[in-house]
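Start at 1 with the first residue, then count along the sequence. As the structure lists them, so they are numbered: ligands from 1, and atoms in each ligand from 1. No experiment lies behind these values; they were computed from the predicted model shown.
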Amino acid sequence: MKKLLCLALSIALLISALPAFATTRDFGSVKINEIMASNGKTLKDSRNESPDWIELKNISDEDIDLEGLCLSDGKKNLEKFVFSAGVVLPAKGFLIVFCSDYEKVETLADGTVEIHTAFKLSAAGEKAVVSYQGVILDIVKFDQQTKDVSYALKTDGAWAFCDTPTPGAENVFE
Ligand SMILES: [Ca+2]
Ligand SMILES: [Ca+2]
């Protein structure tokens with residue numbers, strides 16, 4: 001019990017200490033890096049389900065506090081998901097956002113934050129959109145997707161199907 005209390009306290013301290021770190025609001029450096037609109041066995045969430053997912057990448061050298069940044073699956077309603085306070089995308093780091101049918105931001109027992117949006121990605125083709133205050137910062141349009149094959153950004157800036165998905169890590173093409 002004491003251990004649990006300590007853990008809760010240290011998490012609370014960590015969260016309250018976050019604004020003290022040098023985080024920026026350089027949302028232009030938050031890029032959609034990989035998506036999976038038909039997730040079978042590639043990635044499970046904490047409920048052992050396999051929702052669609054979007055991988056965000058911070059291409060800058062500074063941690064970015066994502067509060068206020070929006071995600072959507074189209075241009076009509078850009079604010080289908082809005083990041084709340086306390087979610088920081090580390091410098092050069094990755095963040096997986098599950099596109100489920102319910103919205104939830106949950107800190108798991110291991111301290112990682114699991115994020116679910118209330119929208120899903122259509123395997124028949126759709127968009128993934130990052131925006132802030134009505135301005136689109138990054139958008140990816142994709143066509144028909146295949147189960148467990150991701151759609152990923154290559155180093156040359158082109159998007160391609162990827163049968164070696166890497167949720168939470170640099171994209172790999174074989
Ligand atoms: Ca959708
Ligand atoms: Ca990846």
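- At the Ca ion (ligand 1), the vertex angle linking OE1 of E126 with OD2 of D73 is 100° (nearest 10 degrees).
- Taking a cutoff of 4.0 Å between a charged side-chain nitrogen and a carboxylate oxygen, K127 and D73 do not qualify as a salt bridge.
- In terms of the salt bridge (charged side-chain N to carboxylate O under 4.0 Å, His left out) criterion, K120 has no residue partners (sequence neighbours excluded).
- Using modelled atom types and a 3.5 Å distance limit, the side chains of N58 and S29 yield no donor-acceptor pair.
- Between the side chains of T164 and E174, no donor-acceptor pair is found at a separation under 3.5 Å.
- For K120, the nearest N, O or S atom to the Ca ion (ligand 1) falls under 3.0 Å.
- For the 3.5 Å distance criterion, the side chains of T166 and E34 qualify, holding a donor opposite an acceptor.
- Side-chain polar atoms of S60 and D26 form no donor-acceptor pair below 3.5 angstrom.
- Atom OG1 of T117 is separated from atom CD1 of I115 by 10.0 Å, given to the nearest 0.5 angstrom.
- Near the Ca ion (ligand 2), less than 3.0 Å away, sit the protein N, O or S atoms E34 OE1, E55 OE1, E55 OE2, T166 O, T166 OG1, A169 O, N171 OD1.
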